[in-house]
Structures are given as structure tokens and as C-alpha cells.
Amino acid sequence: MKNTIVGFPRVGKLRELKFISEKYFRGEVDVEELKQVAKELREEHWNYQRSSGIQLIPSNDFSFYDGVLDMAVLLNVIPKKYQQLQLSETDTYFAMARGYQGEAGDVPALAMKKWFNTNYHYMVPEIEEDTEIKLTGKKPFDEYAEAKQLGIQTKPVLVGPFTFLKLAKYQGNKKAIDFAEDIAKAYGEVVQKFESLGAEWIQFDEPALVQDLTAEDLNLFRVLYNKILSFKENTKVLLQTYFGDLRDYYKEITALGFNGFGLDFLEGKQSFSLIQKYGFPEGKVLFAGLVNGKNIWKSNYAKVLETLEELKKYAGEIVLSTSCSLLHVPYTLQNETSLNPEVEQYFAFALEKLQELRELSVLTETDDYQVEKEYLENKELYAKERLYQNDTVKQQVADLKEEDFVRLPKRSERRKLQKEALNLPLFPTTTIGSFPQTIAVKKNRTAYRKGEIDKKTYDNRVYEFIKDCIKKQEEIGIDVLVHGEYERNDMVEFFGENLQGYVFTEKAWVQSYGTRCVKPPIIFGDVKRSRSITTDYLKYAQSLTNKPVKGMLTGPVTILNWSFPREDISLKEMAYQIGIAIREEVLELEKAGIKIIQIDEAALKEKLPIRKADWYSEYLNWAIPAFRLCHSSVKPETQIHTHMCYSEFNAIIKDIDNMDADVISFEASRSKLTILDAIQESNFETEVGPGVYDIHSPRVPSVEEIVEALHRMLEKIPENKLWVNPDCGLKTRGIPETEASLTNLVEAAIKLRKQYEG
């Protein structure tokens, strides 16, 4: 049986792309050096796949920043504000990704949003009224030719036109259908170009097909592909879907003239039953996504092979594939030197999944695979009893009662008590939590991890960082302070390190956006708080000031969603286990005199099922209670904050209000404050702080810019419910730009205060 992958991680085994890109941004290398490293990475990735026995190797899955952004540039979807900068092609690309502030002008970046139900972020294309969509770039063709020179025949991968138009933002009155003819022509030219280059397959990624679609959406899809497919002759076109199933549209979609259909059989819970019910089109190739592209556990060979045996009854030709791109898992286990072998044996990162695909492909061709060594070893692994089980934790979850999820008194009564206790001004200013992670901060952490300094020395240095941070915030004039989070490497990994049941990696990095990589911890067993996590740092910070200092915690849903979860128990049970642990920390902070506690749920929407019909049955009915579990026992005077970033929250705004926090801060700057309408329409009770500037760009917002944003907010939000803050944590920013931005933020709040207080 042939095999393939949907896509491969692009940052490199040791984040080489991140580091060379950041050098380029700093002006330390030129564009040729940047491109040379990228070329070396692509060659390495292709050679790994070839040596691992992958038969249909993808190309054009590499990107300097984001694949959707690549597609926008390829299609000439470059807004005028970036064209007018008159930068080089590469610098225009990065201006769209990161924003630009320099001699040529001052332009913010494109909006950034979550890529469906993952922790990856894509850049939102902006299609203007007079945008002329046409094929203008060469990237996919150059990379195909590059691989061919190495003797590797690849399967070019492109974001499909339907998904591109569905994800785009439209400036003006035109809709997606108005650009359908032009974009279909451009994609048709892509097909023709690859025909001339000798490509056997082209893969168009259309994950938007697993969403809820309207009749208008389906018509758009038909219009696009009826034209695109008319361009193909010898080259085969694969329609690749992932993150769900085709459900109501299966029959119609599979009746179209594609040569192959890529279906996800893991998150696509109905994919198999749809094939059983409706069959699979004769003469077409089924690309069966059965190796998990989003989680790090080894495949259960018995389940995969049993499914393939059943699928053979319906499909004449099957290609074994990953469920989605391997972009969402770490590169390789080869970099890990400290994992317990009893733990490591369960894991497969990207390179190891290539090996799994090869082994499974061979087993499908074996007369009796159940006696083969690879099968028996895998079967034995899944029969073992897992480490780190805890009966006490399981019982705590089983004993939870309805009152454990309810905070009293109601929010309106708490608000009065909190106003009196905290005595904050109108439009209180704060930040989301983290401050810049300087070289000194990173060196301190590295020295401690390497055993070069002891815990006392490490903490003493952290206390010095905290002291400077509190002093600087007081000088700037911020109302609610934070301690800067200098003891934390990551908002999830830090908590995981202090919870039983987690295991950690050294270099298992995963791209979150652009050059930002994260190292998700792994939930291996039952989760329990084993010791105090943040209290000592917060007590010290509060001792330095008379202003309130927020306690900063990560919520259970975000800890779960930004970890690699277990597959042997439910997400609900894991969330409640973590919720109980965070509740213990919340109550300890309160006892220590911390009057404001922020429980971040940045990733609440991340695992929201793509289909609305599944929202409550599969997610919200436990995700919202898991958050409430953390704070239901605090005093009325204790103010509970939360924070969410980079998602569209409008559809679940009432559920967010039902989290029963006292204050919530949102990412809002890149999404142009679109959340405000939903807040107003839902009679949102929670006090809110929509982000007034984008922290993922190095540019400094002016006072006037922030004042203008606040005035827009006040059209939808009462003045006594509006907080003033950046849109996310500041750890990735430099100190000068951070201090300048916060100074302008405070000045803007003071201007507004004077206006409203007379």
C-alpha cells in the first residue's frame, strides 16, 4: 500500500528556520542567507521522507511564516497599504506577517487567527474591492523543481481556493463568489503549470469543507472546481480534508471530478460510516488519514489495520496517510535525552510517524500481519499498564457536585464589593501578565536547568526581575500590576512542571505562528497539584507596592488544549483533574492576600468542535464548568479575571459570559474589534478589556491610536465596565517598545478619564 503525509514541520529539527528568520529581522543576515538555510531545510525534510519510505512526498508545505500568507502572495492578494511601502518582495511578505514601522511608513500586520481547532495561527488574507486575483508568484513551482533536481518526485500542496476565500476578509461590498472566476482561473493555471513540470499529483487542502456549510458555500465550491478541474489532463488532483468529516456533503463532494479524496478518520468521526452508507466513487483513490497528525502517541496498529481491511471493501485503491499535516507535532524524538524509556516508548513525533507509515504499509501487504514483529511489539505496548495512575485524583473527580461549579453571590453583587475593596479608577489599566523575557531572564533559567545554580540563587534573581518590573509599572502609572512571570518559560509548561502526571521534553518544539514555537507538555497520567506553584512570587510582588498585583494562573482548559492529551481517558476527566489542581492554587493565592487572580483561558475555543451540532455534547458542557470549578470557592471580594486570544468568540459569547469571571480581556486589535458587536448584543455582564494594541508586532501604537480604539469600544461597552490593556502577554517584545507602548496606553486612559470624569 502506498503512503503519504499531508505536510511536514518546517521550522527544522532544532528550530533553524526560527533563528535565521529572527537574524534576518534584526539585519544580521541578508536575504540570500535566509533563503539558503530554507533551501537546506527543505532538502533535509525531503531526504528524511525518502529514506523513511514515504512514496508521495509533499512539496510547498514549507513556508517562511504561514501557508495561507504564501497563497495570498502567490495570488496577488497584497493590500495596497503594503504595496505602497515599496519594499522588496521578501520584506513586503514579512510586513504583511509582522507589521512594518520605518522610513517607508507605519502599517500594522494582517489579522491573525487560529487555524481551525489547532494551536497554529494563520494570517487572514485581505481582499480589497479592486483586488485582481491572478497567479503572480513562483514558489510552489520553484520548490517542486528544487525537489526534482534532487531526484525526488513530489506532490505539490496548496491551500485550496474554497478555504482561501472562506478564510479571507473582504474590504468592500464584494463577496467570495465575486472573485470565484478569477481565483479558479489562477488555480487552473497552477494545474497547467504542474502538468508541464511533470507532477503526478497536486494536493489542494480544503479543511473548510468540514465546517457547517450553506447552500451558497456549496455552490461556490462547485463553481470553483468545475472550472479548475477542466484544466487537468494527466496530472491528478487530490482533494484533501482534515480536522473533521464531510458529513452532509459527502455524496455531492465525492461525485466531483477529483482523482483522489483525503479523509480524516480520526477527527472525522463519521468518515467511515459515510463510506459504509454511500460507498466510495469507483476509480478514485482514497487517501486514508489514519496516523494522527495532531498528537504524539504511537498509532495502535491493530486499529489502523482493521480499519484499512474494512475500507478495502469500498475503495479500489487506498493510500495510507496522516490525518492532517505533521506541522502540529514535534520534529523528532532523536533530540530527547532525558525521557523515561517507559514513557518514551509510547511516543511518535513527525519523523517517527514516517516510520509508522512505512511499517503499516508493509504490514498491509503481509499475508498474516498478526505474527509480524512490528505488529506484536505494538500490540504488547498497548496491553501494558500505564505509569502515573492516581486513584485519589480519580475519586476527587467522581465526587464533584453541582455546587462545586457555582460561585456565590451573583456577579452584580460581587461587583459592588470589589469596587469598594479595590478602589480602582475609571478605565483601569493593566497588562495580560508576562513582561519581556530578556537575555538575563533566559540565562537565569538556563543556568538553573543545567544545575549551574541552585533554586535559592535562581529565585533571588527572579525576585530582582520582579522588583524592577513592579517599579517600572509604577513609574508608568499602571493601575493593576503584574509580577512579569519571570519564573515561567511558558504559560502551560510551567504549570505542568508543577503538576504530577505530566512529562516534559527538551526540544519537542511545535510552530504556533511565524517564528513563535512552543513546547507542549504531555499529559501522561492522572494530574495532581503536588506543591505551591506561584504563591511565593506573588506574595513578594505584592509586598513591593500598595497597588493590587494580579495573581497569574493558566486555566484548566488551556492547560489541556495546549498539552498533548492522553487518549485513554476523556478530555472532560482530564479538564476536571486540572481544574481541581488550579482551584487549590487559587485558594492559596487568596489566603496569601492576592485580591485579583487571573485564570487565563487563551485556548478555550481551540478544541471547540468545528460543527456547531457538536459544541455542547462534545465540549462546552465540560469546558465552561472546568473553569468555574477553579474559582467557585473564592470570597466575593476577590476579583477573578480571565484572558482569551486569537479566536473568533462571537458565536460563543454567552458561554464565555457564563464562565462567571468578573473581568475578561480579549485579543481584539488584529481582529479590528469585531468582538464588540457580540458583546453589546448579548448584554454581556462581565467587565471587559479588549486589547488596544497588537503585541505580536514590534510597532509602538500612538496615544491617539489607542484613544481612538477606546472611543470605538465605548460605543458598545459602558464606561464603568471597560478596562485598558494590550491584547496579549508581552514576553516576546523588547523592553524599549514595551515601555513606550505602555506609557502611551496609560496616557490614553488618563485622557479618556479626564473626559468622562469632567
Side-chain angles (χ1 to χ4, degrees), residues 117-119 266-267 292-300 328-330 333 336 338-349 352-353 381-382 384-398 400 488-510 512 518-531 533 553-585 599-604 606-607 618-619 622-623 625-627 629-630:
N117 58 356
T118 74
N119 185 33
L266 299 177
E267 287 191 273
N292 199 327
K294 283 176 68 175
N295 212 343
I296 46 75
W297 305 96
K298 280 187 176 176
S299 299
N300 185 325
H328 308 292
V329 295
L333 279 163
E336 305 304 320
S338 59
L339 280 175
N340 180 342
E342 288 295 308
V343 170
E344 184 177 354
Q345 64 180 329
Y346 286 92
F347 300 154
F349 295 173
E352 291 72 37
K353 288 180 187 292
L381 177 70
Y382 270 87
K384 286 183 179 180
E385 185 173 338
R386 185 81 63 83
L387 295 175
Y388 312 138
Q389 306 299 298
N390 190 311
D391 291 338
T392 301
V393 171
K394 293 175 183 175
Q395 192 59 49
Q396 282 182 301
V397 172
L400 287 172
R488 308 179 191 188
N489 47 358
D490 174 84
M491 66 182 292
V492 173
E493 186 174 5
F494 171 74
F495 285 91
E497 287 173 341
N498 290 279
L499 297 171
Q500 295 177 10
Y502 268 87
V503 296
F504 300 90
T505 58
E506 297 166 88
K507 296 181 173 64
W509 298 97
V510 179
S512 177
V518 295
K519 190 152 54 73
I522 300 165
I523 304 176
F524 195 86
D526 294 314
V527 177
K528 180 176 174 59
R529 178 178 177 266
S530 54
R531 56 183 173 269
I533 304 173
L553 305 174
T554 305
V557 182
T558 294
I559 291 177
L560 173 60
N561 287 348
W562 283 355
S563 302
F564 289 115
R566 295 165 64 177
E567 294 182 338
D568 60 324
I569 67 172
S570 69
L571 294 172
K572 175 181 178 179
E573 184 167 355
M574 281 182 277
Y576 284 1
Q577 288 183 4
I578 301 167
I580 290 169
I582 298 301
R583 179 176 66 180
E584 293 175 7
E585 187 74 11
I599 308 169
D600 285 342
E601 285 294 13
L604 177 74
E606 197 158 294
K607 292 294 187 292
E618 295 184 8
Y619 187 69
W622 58 259
F627 178 86
L629 177 62
C630 297

Item to check | Value rounded to 0.5 Å, distance of CD1 in Ile578 from OG1 in Thr558 | outcome: 10.0 Å
Checklist entry - Do Asn489 and Lys519 meet the criterion of a side-chain donor-acceptor pair at a distance under 3.5 Å? => result no
Next on the checklist: I'd like to check the ring pair (Phe, Tyr, Trp, His ring centres under 6.0 Å) partners of Tyr576; sequence neighbours left out, ordered by chain and number.
Outcome noted: Phe405
Checklist entry - So, do Asp526 and Arg566 sit near enough that their side-chain heavy atoms are less than 4.5 Å apart? => result yes
Checklist entry - How close do Leu553 and Arg488 get, heavy atom to heavy atom, and via which atoms? => result N-NH1, 4.4 Å
Next on the checklist: Go through it in stages, so that I can follow the logic: the residues are Asn300 and Glu567, the test is side chain to side chain donor-acceptor pair (under 3.5 Å), and I'd like the CA-CA distance, side-chain angles, deciding distance and then a yes or no.
Outcome noted: CA-CA 11 Å; Asn300 185 325; Glu567 294 182 338; over 6 Å; no
Checklist entry - Which value, rounded to the nearest 0.5 Å, describes the distance between Ile523 atom CD1 and Ser563 atom OG? => result 4.5 Å
Item to check | side chain to side chain donor-acceptor pair (under 3.5 Å) between Lys528 and Gln396, intermediate numbers included | outcome: CA-CA 10 Å; Lys528 180 176 174 59; Gln396 282 182 301; 4.6 Å; no
Checklist entry - Using 30° and 60° as the class limits, which term best fits the ring planes of Trp297 and Phe524: parallel, tilted or perpendicular? => result tilted
Next on the checklist: Nearest 0.5 angstrom please: Ile559 CD1 to Glu493 CD, how far?
Outcome noted: 12.0 Å
Checklist entry - Can you say whether the rings of Phe504 and Tyr502 are parallel (under 30°), tilted (30 to 60°) or perpendicular (over 60°)? => result parallel
Item to check | Under the side-chain contact (heavy atoms from CB on, under 4.5 Å) test, residues paired with Pro330 that sit two or more places apart | outcome: Ile296, Phe349, Ala508, Val510, Phe564
Item to check | Stepwise side-chain contact (heavy atoms from CB on, under 4.5 Å) check, Trp562 with Asp490 | outcome: CA-CA 10 Å; Trp562 283 355; Asp490 174 84; 5.8 Å; no
Next on the checklist: If I compare all heavy atoms of Lys298 with all of Leu381, which pair ends up nearest, and what's the gap?
Outcome noted: CD-CD2, 3.8 Å
Next on the checklist: Within the 4.5 Å heavy-atom criterion, are Ile522 and Val343 side-chain neighbours or not?
Outcome noted: no
Checklist entry - Rounded to the nearest 0.5 Å, how far apart are CD of Glu618 and OG of Ser570? => result 12.0 Å
Item to check | Polar contact flag, side-chain donor to acceptor under 3.5 angstrom, Asn390-Gln577 | outcome: no
Checklist entry - Is the count of non-hydrogen atoms from other residues, nucleotides or ligands lying under 6.0 Å from Lys607 atom NZ greater than 12? => result yes
Item to check | Steps toward side-chain contact (heavy atoms from CB on, under 4.5 Å) verdict (Leu400, Leu629) | outcome: CA-CA 9 Å; Leu400 287 172; Leu629 177 62; 3.8 Å; yes
Next on the checklist: When you compare the side chain of Glu573 with that of Lys394, does any pair of heavy atoms fall below 4.5 Å?
Outcome noted: yes
Next on the checklist: Are Leu560 and Pro565 packed together at the side-chain level, in the sense that at least one heavy-atom pair is separated by less than 4.5 angstrom?
Outcome noted: yes
Item to check | Validation row: Glu267, Asn117 side chains within 4.5 angstrom (heavy atoms) | outcome: yes
Checklist entry - Can you find a heavy atom in the side chain of Val527 that is under 4.5 Å from one in the side chain of Val393? => result no
Next on the checklist: Do Leu604 and Tyr619 make a side-chain contact, defined as non-hydrogen atoms from C-beta onward lying under 4.5 Å apart?
Outcome noted: yes
Checklist entry - Taking C-beta and beyond as the side chain, do Asn119 and Asn561 meet within less than 4.5 Å on heavy atoms? => result no
